[in-house]
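When a ligand or atom number is given, it counts from 1 through the structure's own listing order. This structure is a prediction, so every number in the text was calculated from the model and none was measured.
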Amino acid sequence: MPRPIHATIHASALRHNLERLRAAAPGARVWAIVKANAYGHGIERAWPGLRAADGFALLDLTEAERVRALGWRGPILLLEGVFAPRDLELCSRLQLWHVVHCDAQIDWLAAHKTQQPQRVFLKLNSGMNRLGFAPARLRAAHARLQALPQVDEVALMTHFSDADGPKDIAAQCDVFQRATEGLPGERSLCNSAAALRHGDDAAVRGDWIRPGIAVYGSSPDFPAHNIAHWGLQPTMTLASELIAVQNLQPGDSVGYGSTFTADRPIRIGVAACGYADGYPRHAPTGTPVLVDGIRTRTLGRISMDMLAVDLQPAPFARPGSEVTLWGVSASGAVLPIDEVAASAGTIGYELMCALAARVPVVV
Ligand SMILES: *Cc1c(COP(=O)(O)O)cnc(C)c1O
């Protein structure tokens with residue numbers, strides 16, 4: 001028998017979350033962000049739950065090829081644009097839309113031989129300071145693009161640095177409005193957090209929203225709001241089983257470094273899941289976990305292939321009992337990935353993207 005660990009991708013939850021985002025930004029079209037292999041879910045595995053999207057946005061040209069191979073004929077957007085001039089040939093062949101964030105990308109377009117003009121999203125740097133044209137240089141870039149026979153329509157976009165936090169988006173929205181005022185073309189501003197928090201504002205939602213993390217059932221602004229608040233459902237469950245049970249006496253410890261020591265007699269379980277499966281090694285004692293759908297906690301250090309759990313809340317648990325590391329248990333109990341991530345000092349994004357290749361995945 002293989003190790004009992006496996007991940008499950010919930011297509012119906014992906015569909016539900018996508019609709020939830022659509023409802024949050026009424027009238028806007030939705031780019032489902034499938035970068036990083038659909039946030040660790042696997043593009044092909046997430047696909048059945050995401051096909052109601054209006055387009056797919058990603059970074060890697062090989063990922064764009066995979067979306068086309070699934071039979072998708074609609075829009076695909078390269079969020080960082082092309083990395084080298086020859087990438088434009090693939091854009092022509094696969095009909096990819098691409099972001100233009102710097103002058104070099106315009107130079108490459110000007111030199112590109114194509115029959116079919118390409119759709120581009122001109123990116124404004126409104127304060128994130130990763131990619132995009134400075135506000136004062138946007139109009140010149142726009143005029144240059146519009147004059148190129150290689151370019152069809154020019155849309156305008158920007159990306160928020162603080163949509164999930166207290167600083168929020170007002171200042172960057174202001175920069176965007178002023179820099180783009182009067183320019184023709186579609187607009188795209190919102191990631192998940194901005195779409196959920198400000199999608200009711202027509203100027204903010206624009207023509208296209210770009211949600212990623214919320215589609216994958218993680219709250220973009222946890223712990224301020226959890227997925228229940230936003231009406232989102234977990235799309236990935238990581239589940240395993242207990243493979244051993246131990247009875248600790250006061251003074252007994254568990255795991256490497258003996259970081260947890262019992263102060264009374266307790267039963268503990270050993271689950272077949274460790275950091276080599278993508279579970280965060282930095283998760284401390286007390287990280288939430290479900291055993292037979294009952295909420296309990298991890299104990300001691302996470303090993304490569306195993307971790308220990310407190311069985312005091314689950315006295316009937318035995319080897320073979322279900323362990324839910326995040327997601328949904330067989331009984332329907334939910335453990336949001338955000339709670340596990342917060343306990344380990346990270347965010348849901350990182351945990352889902354880190355799901356290890358050795359974990360079998362079912363849809
Ligand atoms: C990743 C990304 C998004 C999606 O962000 P989430 O926080 O996951 O919703 C949107 N736009 C751009 C440009 C991105 O790189």
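For ligand 1, the protein residues within 4.0 angstrom (heavy atoms only) are Ile33, Lys35, Tyr39, Leu79, His159, Asn191, Ser192, Arg210, Pro211, Gly212, Ile213, Tyr349.
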Quiz item: Yes or no on salt bridge (charged side-chain N to carboxylate O under 4.0 Å, His left out) for Arg205 and Asp201, after CA distance, side-chain angles and deciding distance?
Solution: CA-CA 6 Å; Arg205 72 174 169 261; Asp201 179 340; over 6 Å; no

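Aromatic ring orientation, Phe56 versus Trp72: perpendicular (interplanar angle above 60°, classes split at 30° and 60°).
Looking at residues two or more places apart in sequence or on another chain, you find a salt bridge (Lys or Arg N to Asp or Glu O under 4.0 Å) between Arg29 and Glu186. In terms of the salt bridge (Lys or Arg N to Asp or Glu O under 4.0 Å) criterion, Glu350 has no residue partners (sequence neighbours excluded).
Think of Leu299 as one node in a network of Ile, Leu, Val, Met, Phe, Trp and Tyr side chains linked at under 4.5 Å; its network also takes in Leu248, Val254, Phe260, Ile266, Ile268.
Salt-bridge formation is detected for the pair Arg295/Glu339: a Lys NZ or Arg NE/NH1/NH2 atom is positioned less than 4.0 Å from an Asp or Glu carboxylate oxygen.
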